[in-house]
Amino acid sequence: MSKTDMVRAYAETLLKEVLGVETLKQDPDGDYPVRYESALYYVRIHPGTGDDPVVQVFAVALADVEPSPDLFARVNAINADLRFARAFWVKNQVLFESEMVGLELSLAGFEKACRTVGGAADYFGTKLSEEFGGRTAFAEEQDPGYEPPRNPPAPGLYL
């Protein structure tokens with residue numbers, strides 16, 4: 001069994017524990033999609049370089065958003081306050097992402113990454129959409145009066 005296979009098996013076990021489920025579903029890319037409030041995050045296992053697997057938790061907080069100096073300034077401001085994850089714009093999307101060394105994965109670190117990325121995408125996705133347009137993962141499902149949480153949780157603790 002390769003190191004990547006071992007990390008995948010362990011990450012699956014941790015994700016089941018974090019979510020309180022017995023089974024997981026993979027998407028066609030091999031990622032594990034997880035709904036978190038109004039956001040959707042994914043867990044991905046990369047083989048990494050050499051034989052150092054990487055576990056990535058990421059969310060597309062906002063899609064179909066055009067780049068602008070104001071958007072980049074806002075993303076930079078988010079990064080100044082956000083811990084344990086980063087925000088960035090690529091290919092008309094604002095993403096939140098956290099990466100962990102697969103061979104050093106722990107339940108606490110993995111759970112923190114999932115909650116931070118999911119919480120940040122939930123909180124900032126709607127706010128950014130209001131400011132810059134674009135769409136969030138489940139915008140079509142939200143009631144007309146939906147509002148994201150009023151106050152952002154403490155940096156890095158998005159629950």
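These figures come from a predicted structure and were not determined experimentally. In this chain, residues are counted from 1 in sequence order.
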Interatomic spacing from CG in Leu19 to CG in Leu24 - rounded to 0.5 Å: 7.0 Å

Set of residues satisfying side chain to side chain contact (heavy atoms under 4.5 Å, CB included) with respect to Thr4, sequence neighbours excluded: Ser2, Ile45, Pro47, Pro53

Pairs touching residues 21-30 that satisfy side chain to side chain donor-acceptor pair (under 3.5 Å), sequence neighbours left out: Gln26-Tyr32

Shortest non-hydrogen contact from Phe138 toward Ala39: CE1-O, 3.4 Å

Sequence-distant partners of Tyr42, ring-ring contact (aromatic ring centres under 6.0 Å, His included), two or more places apart: Phe58

Closest approach of Pro33 to Leu40 (non-hydrogen atoms, all atoms of both residues): CB-CD1, 4.1 Å

Heavy-atom closest pair, residues Gly118 and Tyr41: CA-CD2, 3.8 Å

Point-to-point distance, once rounded to the nearest 0.5 Å, from CG of Leu62 to CD of Glu130: 11.0 Å

Validation row: Ser38, Thr126 side chains within 4.5 angstrom (heavy atoms): yes

pair Leu107-Val18: side-chain heavy atoms closer than 4.5 Å: yes

Between CD on residue Glu17 and CD on residue Glu12, distance to nearest 0.5 Å: 14.0 Å

Glu131: partners by side-chain hydrogen bond (donor to acceptor under 3.5 Å, both in side chains), with sequence neighbours left out: Arg74

Co-membership, hydrophobic cluster, residues Val7 and Met1, 4.5 Å side-chain: no

Results of side-chain hydrogen bond (donor to acceptor under 3.5 Å, both in side chains) for Asn76 - residues two or more places apart only: none

Partner set under salt bridge (charged side-chain N to carboxylate O under 4.0 Å, His left out) for Asp64, not counting sequence neighbours: Arg135

Worked verdict on Val57 versus Thr116 for side chain to side chain contact (heavy atoms under 4.5 Å, CB included): CA-CA 9 Å; Val57 179; Thr116 299; over 6 Å; no

Ala85 versus Val117, closest heavy-atom pair with distance: CB-CG2, 4.2 Å

ring-ring contact (aromatic ring centres under 6.0 Å, His included) involving Phe88 - partner list, sequence neighbours excluded: none

Spacing of CG belonging to Asp122 relative to NZ belonging to Lys127, to within rounding of 0.5 Å: 10.5 Å

In one Ile/Leu/Val/Met/Phe/Trp/Tyr side-chain cluster, 4.5 Å: Val21, Val43: yes

From CZ (Phe72) to CG (Asn79), nearest 0.5 Å: 12.5 Å

Salt bridge (charged side-chain N to carboxylate O under 4.0 Å, His left out) partners of Glu111, counting only residues at least two apart: Arg115

Partners passing side chain to side chain contact (heavy atoms under 4.5 Å, CB included) against Ser68 (at least two apart in sequence or in another chain): Asp70, Leu71, Phe132

For Asp31, all residues meeting salt bridge (charged side-chain N to carboxylate O under 4.0 Å, His left out), sequence neighbours excluded: Arg44

Straight-line distance of Leu14 CG to Leu105 CG, nearest 0.5 Å: 5.0 Å

Tell me which donor-acceptor pairs under 3.5 Å the side chains of residues 93-104 have, and how far apart each pair is, sequence neighbours excluded?
{"from": "Glu97", "atom 1": "OE1", "to": "Gln56", "atom 2": "NE2", "distance (Å)": "2.4"}
{"from": "Glu97", "atom 1": "OE2", "to": "Arg86", "atom 2": "NE", "distance (Å)": "3.4"}
{"from": "Glu97", "atom 1": "OE2", "to": "Arg86", "atom 2": "NH2", "distance (Å)": "2.1"}
{"from": "Ser98", "atom 1": "OG", "to": "Phe84", "atom 2": "O", "distance (Å)": "3.0"}

